[in-house]
K.L.:
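Quick one: structure below, then a few questions.
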Number of protein chains: 2
Amino acid sequence: MKSINYELQEHALFSSQWSLLYCLKKNGSMTQKEMAEYLHVESPTITRTLLKLEESGYIKRQSGIDKRERVVSLTEKALACFPAVDESVRRHERNMLCRLSPGEKQQLARLLEKIDYSEERR
Amino acid sequence: MKSINYELQEHALFSSQWSLLYCLKKNGSMTQKEMAEYLHVESPTITRTLLKLEESGYIKRQSGIDKRERVVSLTEKALACFPAVDESVRRHERNMLCRLSPGEKQQLARLLEKIDYSEERR
DNA sequence: AATAATTAATTACCTAAGTAACTAATCGGA
DNA sequence: TCCGATTAGTTACTTAGGTAATTAATTATT
């Protein structure tokens, strides 16, 4: 499912990076722990991906009141390019799922969520 | 979906390795090209995974009539442990999908195949 | 028949994610 | 209050996969 990297490459982004940006746009500033839980991903994955996003100026990290935590937020740069990237990702997803009817898409989402739930309790 | 590695680890196997063994059991001896096409995976992935399987004595590779090709087949060791591993993988899959009814499982397979088909033509 | 084009496999380098072990900060109980 | 337990994040190492470039063998073309 990484064909989406094709749409992202013109913004010098990879799919894993985009999901973090999207997460921050949706939820506002978050700690890395919160991001990991929200995205169902381990913390080293978050660390790694944020490091690259920080290098390329898409996010910044400030230490919170709890000095262990690092609060992550989007930079101006990220906010500026967000709509364009978002649009091209959505276009790609529409294209990807174009052989499914709206009903089928809903079915699929439901089934995958059921499986994901099983996965969590183990 | 890598929770399956838990069942596999007692046989010192990883999920990617198991899919190659399963492929060979189902289809008999194959070239690496054939395996890559059958599994929808690139050839370097096959090379890498086979190397490890060869080291641990699960497969052997003989050069075919066409000297570019390497014909891969299961060793006695692989054939011997196959039933036990197969059973524990199946048990895991049943467990994984236990929240889906037989009808839902069929639905899911159908939907995923449709998407996979879209993915191929791109 | 000799050379050009194609093909199977490998190598090197990349993204993506997980586990285990570690550090530093915070919290809790004696 | 101080020391042990917990927690957030990082580092090191691993699986799993992809693309691009390379090598060696085969096929096609002139």
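Lettering follows sequence order; numbering is per chain, from 1. Keep in mind that the numbers below use all heavy atoms, side chains included, and drop hydrogens, waters and symmetry copies. Predicted model, so just to flag it, every value in this text is computed and none were measured.
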K.L.:
Distance check needed: C/dT7 C1' versus B/Arg70 CZ, whole Å only.
P.N.:
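Distance check: B/Arg70 CZ to C/dT7 C1' gives 16 Å.
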K.L.:
Just how far, in rounded Å, is C1' of C/dA24 from CG of A/Asp66?
P.N.:
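Answer to the nearest Å: 11 Å.
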K.L.:
Kindly indicate whether the side chain of B/Arg68 and the base of C/dT7 share any N or O donor-acceptor pair separated by less than 3.5 Å?
P.N.:
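Flag set: donor-acceptor pair detected.
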K.L.:
D/dA16 C1' sits how many Å from B/Ile46 CD1, rounded?
P.N.:
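Taking CD1 of B/Ile46 and C1' of D/dA16, I get 12 Å after rounding.
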K.L.:
Could you check whether A/Thr47 gets within reach of a base, just the sugar-phosphate, or nothing at all, counting any heavy atom under 4.0 Å?
P.N.:
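Since a base atom lies under 4.0 Å of A/Thr47, the category is base.
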K.L.:
If you check the B/Ser15 side chain, which of D/dA16, D/dT10, C/dA9 turns out closest?
P.N.:
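When the side chain of B/Ser15 is considered, D/dA16 is the closest of D/dA16, D/dT10, C/dA9.
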K.L.:
If the condition is salt bridge (charged side-chain N to carboxylate O under 4.0 Å, His left out), which residues does B/Arg61 pass it with, not counting sequence neighbours?
P.N.:
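B/Arg61 satisfies salt bridge (charged side-chain N to carboxylate O under 4.0 Å, His left out) with B/Glu54 only.
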K.L.:
Taking the nucleotide of DNA chain D with the nearest heavy atom to each, does B/Ser19 or A/Pro44 sit closer to the 5' end?
P.N.:
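Going by which nucleotide is closer to the 5' end, it is A/Pro44.
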K.L.:
Counting distance only, does the side-chain N/O of B/Lys77 pair as donor-acceptor with the main-chain N or O of B/Ser56 below 3.5 Å?
P.N.:
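Here the side-chain-to-backbone pair exists.
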K.L.:
Report the residues that fulfil side chain to side chain donor-acceptor pair (under 3.5 Å) with B/Asn27, sequence neighbours left out, ordered by chain and then residue number.
P.N.:
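Result, side chain to side chain donor-acceptor pair (under 3.5 Å) vs B/Asn27: none returned.
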K.L.:
If we fit an axis to the first five pairs and another to the last five of the helix from C/dA1-D/dT30 to C/dA30-D/dT1, what angle do they make, to the nearest 10°?
P.N.:
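Both end axes considered, the difference amounts to 0°.
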K.L.:
Considering every strand and a 4.0 Å limit on heavy-atom distances, what is the contact class for B/Glu69: base, sugar-phosphate, or nothing?
P.N.:
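Sugar-phosphate: the residue B/Glu69, judged by heavy atoms under 4.0 Å, touches backbone atoms but no base.
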K.L.:
Does any residue of residues 50-65 of chain A have a heavy atom under 4.0 Å from DNA chain D, and if so, which ones, in number order?
P.N.:
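Result for residues 50-65 of chain A: A/Arg61, sorted by number.
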K.L.:
Could you tell me if the side chain of A/Arg110 sits less than 4.5 Å from the side chain of B/Glu104, heavy atoms only?
P.N.:
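With C-beta onward as the side chain, the pair touches.
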K.L.:
Mind checking what makes salt bridge (charged side-chain N to carboxylate O under 4.0 Å, His left out) contact with A/Glu42, not counting sequence neighbours?
P.N.:
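Salt bridge (charged side-chain N to carboxylate O under 4.0 Å, His left out) check on A/Glu42 returns nothing, list empty.
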K.L.:
State whether A/Thr45 places a side-chain N or O below 4.0 Å from either non-bridging phosphate oxygen (OP1 or OP2) of C/dA16.
P.N.:
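It does not, given that no N or O in the side chain of A/Thr45 lies less than 4.0 Å from OP1 or OP2 of C/dA16.
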K.L.:
Tell me, do B/Leu100 and B/Leu108 make a side-chain contact under 4.5 Å, heavy atoms counted?
P.N.:
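Yes, their side chains come closer than 4.5 Å.
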K.L.:
Per the atom types in the model, does the base of D/dG9 pair as donor or acceptor with the side chain of A/Arg48 at under 3.5 Å?
P.N.:
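Such a pair does not exist between side chain and base.
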K.L.:
Of A/Lys67 and A/Ser16, whose closest DNA chain C nucleotide lies nearer the 5' terminus?
P.N.:
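First, find each residue's nearest nucleotide; the 5'-ward one identifies A/Ser16.
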K.L.:
Classify A/Gln32 by what it touches in the nucleic acid, base, sugar-phosphate, or nothing, heavy-atom distance under 4.0 Å.
P.N.:
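The residue A/Gln32 makes sugar-phosphate contact but no base contact.
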K.L.:
I'd like to check the ring-ring contact (aromatic ring centres under 6.0 Å, His included) partners of A/Phe82; sequence neighbours left out, ordered by chain and number.
P.N.:
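By the ring-ring contact (aromatic ring centres under 6.0 Å, His included) rule, A/Phe82 matches A/Trp18.
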K.L.:
Scan B/Thr31 against the nucleic acid and name what it touches under 4.0 Å (heavy atoms): base, sugar-phosphate only, or nothing.
P.N.:
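It contacts sugar-phosphate atoms only.
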